[in-house]
Protein chains: 2
Amino acid sequence: MLSNGALRENHPIGHRGYPGPVGPKTLTQKGLATRQRIVEGAAAEIRERGVAETTLDHVRARTGTSKSQLFHYFPDGKEQLLLEVARHEADRVLSDQQPQLGDLTSWPAWQAWRDRVVDRYLRQGMDCPLSGVIAQLGRSTPGAQAVVSELMRQWQGEIAAGIRHMQGLGEIVPALDADRSAAALLAGIQGGVMVMLATGRIGHLEAALDVGIEGLRRR
Amino acid sequence: MLSNGALRENHPIGHRGYPGPVGPKTLTQKGLATRQRIVEGAAAEIRERGVAETTLDHVRARTGTSKSQLFHYFPDGKEQLLLEVARHEADRVLSDQQPQLGDLTSWPAWQAWRDRVVDRYLRQGMDCPLSGVIAQLGRSTPGAQAVVSELMRQWQGEIAAGIRHMQGLGEIVPALDADRSAAALLAGIQGGVMVMLATGRIGHLEAALDVGIEGLRRR
DNA sequence: CCAAAATTGGACCCGCAAGTCCAGAAATCA
DNA sequence: TGATTTCTGGACTTGCGGGTCCAATTTTGG
């Protein structure tokens with residue numbers, strides 16, 4: 001996903017076309033690696049101890065860097081770093097569901113995806129780095145909002161594509177509104193995860209997925 | 001809900017049987033009022049400017065109190081106050097849905113409840129004091145977890161009761177698992193709210209409610 | 001190999017917000 | 001009323017964490 005062969009290209013650093021102020025104009029090989037290390041280290045640190053408890057000093061210690069490097073690569077400071085971490089984690093959310101999410105072409109495939117999602121969040125346990133980070137820098141921040149909106153858009157799009165495919169196979173009635181059903185299912189997943197984070201129980205996530213998929217199946 | 005007639009009873013202050021360290025053993029009339037004022041002021045302040053940006057000094061200013069009073073009523077400091085605010089907000093979540101939530105006895109009633117929920121969160125806008133507070137003091141905190149668990153339990157219970165009532169009327173097939181369906185619907189609502197908080201769009205909440213209720217209705 | 005630019009280290013600053021303290025005012029109760 | 005407890009005000013301390021600075025060092029490109 002990363003590893004863009006040619007180095008020292010004069011490209012702004014924010015990947016995937018996100019705009020925004022992002023520091024030095026060019027980066028050497030070493031600089032790029034350091035920057036990457038900082039983002040991943042920060043993400044890991046946040047996953048372990050939570051956003052609120054993670055300080056720049058923790059990140060510095062874990063990544064073996066210094067304050068000046070942090071601000072060299074992220075001139076806007078903590079906020080910018082957190083935003084970068086949010087993007088990093090948002091990428092993970094979707095890629096962790098592949099290839100199942102991109103292949104909703106039969107009922108067993110849907111089940112496999114459902115299991116994958118449940119497993120992912122079971123494994124992740126009681127911490128959601130993304131939601132934590134987003135909450136921290138405020139939902140109203142345009143950057144944070146953009147990251148979440150884009151994630152939701154893609155996620156919902158993949159589910160809707162799966163629904164349409166099943167409609168093509170005649171397994172789901174054509175009258176059903178794929179986008180609306182996908183939105184509802186996605187909401188169920190989000191809520192299931194949220195309840196799990198807050199209470200430690202995964203039952204709601206399973207219920208949301210199972211009931212949601214059953215709802216599609218019925219015709 | 002409050003206003004417990006007899007004053008100066010030797011009861012611990014935490015209402016509704018929540019345990020935990022809660023400060024002075026007894027409170028006079030005035031003290032009780034001040035304490036109440038602090039919690040409500042803190043809740044309001046948090047609703048307006050967010051948890052992360054709310055300091056004890058803001059609370060102090062808004063409630064016309066002093067630092068010493070804050071620590072007099074909440075010896076464990078900010079954490080204790082936040083927990084109290086969380087309880088306060090959790091109460092509001094359910095009471096704001098009444099009487100509709102407690103009267104899911106016909107399809108129009110379900111629709112009225114659905115509208116009430118959508119309206120409540122539209123009105124509330126892009127801030128969720130409860131989720132903010134919970135995120136702040138960490139989901140793992142036993143106190144926070146207890147508050148959310150209890151809220152979810154009650155909420156789901158009311159929905160499930162509504163489903164059972166409709167089953168009694170023959171409007172929903174008896175085979176349907178009321179608790180599981182209620183869990184799924186609740187998850188959808190939670191996720192819909194979450195998406196709204198993050199993206200500003202209410203479509204997911206509406207979709208979750210509508211699709212969820214339609215799923216009950218079909219038989 | 002040299003100049004320029006990128007990278008690194010870490011000491012330092014500063015403001016803020018949580019929490020402490022104690023003395024004085026007000027309420028309670030005998 | 002007077003003794004006792006609760007309540008209130010606000011000045012003070014303290015630690016922490018984000019952010020700045022600059023000089024040293026490495027890397028890059030010619």
Side-chain angles (χ1 to χ4, degrees), chain A residues 6-13 21-38 41-42 45-46 49-85 133 136-138, chain B residues 6-13 21-38 41-42 45-46 49-85 136-137:
Chain A
L7 304 171
R8 249 184 179 291
E9 286 183 279
N10 198 27
H11 62 98
I13 296 152
V22 259
K25 297 158 290 287
T26 63
L27 284 182
T28 65
Q29 193 172 12
K30 213 173 170 185
L32 217 58
T34 303
R35 196 189 139 96
Q36 186 71 11
R37 185 157 42 93
I38 292 173
E45 196 72 18
I46 286 171
R49 56 168 4 111
V51 205
E53 279 68 44
T54 298
T55 73
L56 291 187
D57 247 34
H58 291 140
V59 176
R60 199 192 47 63
R62 169 185 279 256
T63 60
T65 53
S66 67
K67 271 287 185 64
S68 82
Q69 295 178 67
L70 260 44
F71 283 86
H72 179 216
Y73 294 108
F74 308 95
D76 288 352
K78 195 177 194 182
E79 184 170 327
Q80 189 184 353
L81 177 55
L82 286 179
L83 199 54
E84 212 72 23
V85 170
V133 171
Q136 182 77 3
L137 35 72
Chain B
L7 304 170
R8 251 186 178 287
E9 285 183 277
N10 199 26
H11 61 98
I13 296 151
V22 260
K25 295 159 292 285
T26 63
L27 284 181
T28 65
Q29 192 172 13
K30 211 173 172 184
L32 218 58
T34 302
R35 197 189 138 98
Q36 186 74 10
R37 185 157 43 91
I38 291 173
E45 195 73 18
I46 286 171
R49 58 170 0 115
V51 205
E53 280 67 44
T54 298
T55 73
L56 291 186
D57 246 34
H58 291 140
V59 176
R60 199 193 47 65
R62 170 186 280 255
T63 60
T65 53
S66 67
K67 271 287 181 65
S68 81
Q69 294 178 66
L70 260 44
F71 282 86
H72 179 212
Y73 294 108
F74 308 95
D76 289 352
K78 195 177 193 181
E79 185 171 327
Q80 189 183 354
L81 176 56
L82 285 179
L83 199 54
E84 212 71 24
V85 170
Q136 183 77 2
L137 36 73

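Residue numbers begin at 1 in each chain, while the letters A, B, ... track the order of the sequences.
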For the pair made of [atom1] in [X] and [atom2] in [N], what is the distance, rounded to whole Å?
X: Leu81(A); N: dG17(D); atom1: CG; atom2: P; value: 15 Å
X: Arg60(A); N: dG9(C); atom1: CZ; atom2: C1'; value: 10 Å
X: Phe74(A); N: dG19(D); atom1: CZ; atom2: P; value: 13 Å
X: Leu70(A); N: dG10(C); atom1: CG; atom2: C1'; value: 13 Å
X: Gln69(B); N: dG9(D); atom1: CD; atom2: C1'; value: 7 Å
X: Leu32(A); N: dT27(D); atom1: CG; atom2: P; value: 15 Å
X: His72(A); N: dC21(D); atom1: NE2; atom2: P; value: 15 Å
X: Glu45(A); N: dG17(D); atom1: CD; atom2: C1'; value: 15 Å

Smallest separation among heavy atoms of [X] and [Y], with atom names:
X: Thr65(B); Y: Val59(B); result: OG1-O, 4.4 Å
X: Ile38(A); Y: Leu81(A); result: CG2-CD1, 4.0 Å
X: Gly41(B); Y: Thr63(B); result: CA-CG2, 3.8 Å
X: Arg60(A); Y: Lys67(A); result: CD-N, 3.5 Å
X: Tyr73(B); Y: Arg35(B); result: O-NH1, 3.2 Å
X: Thr55(B); Y: Lys78(B); result: CA-NZ, 4.4 Å

Given protein heavy atoms under 4.0 Å, the one-letter contact record of nucleotides 17-26 of chain C, with B base, S sugar-phosphate only and - none, is simply SBBBB----S

For dA6(C), take OP1 and OP2 only and decide whether either is under 4.0 Å from a side-chain N or O of Tyr73(A). no

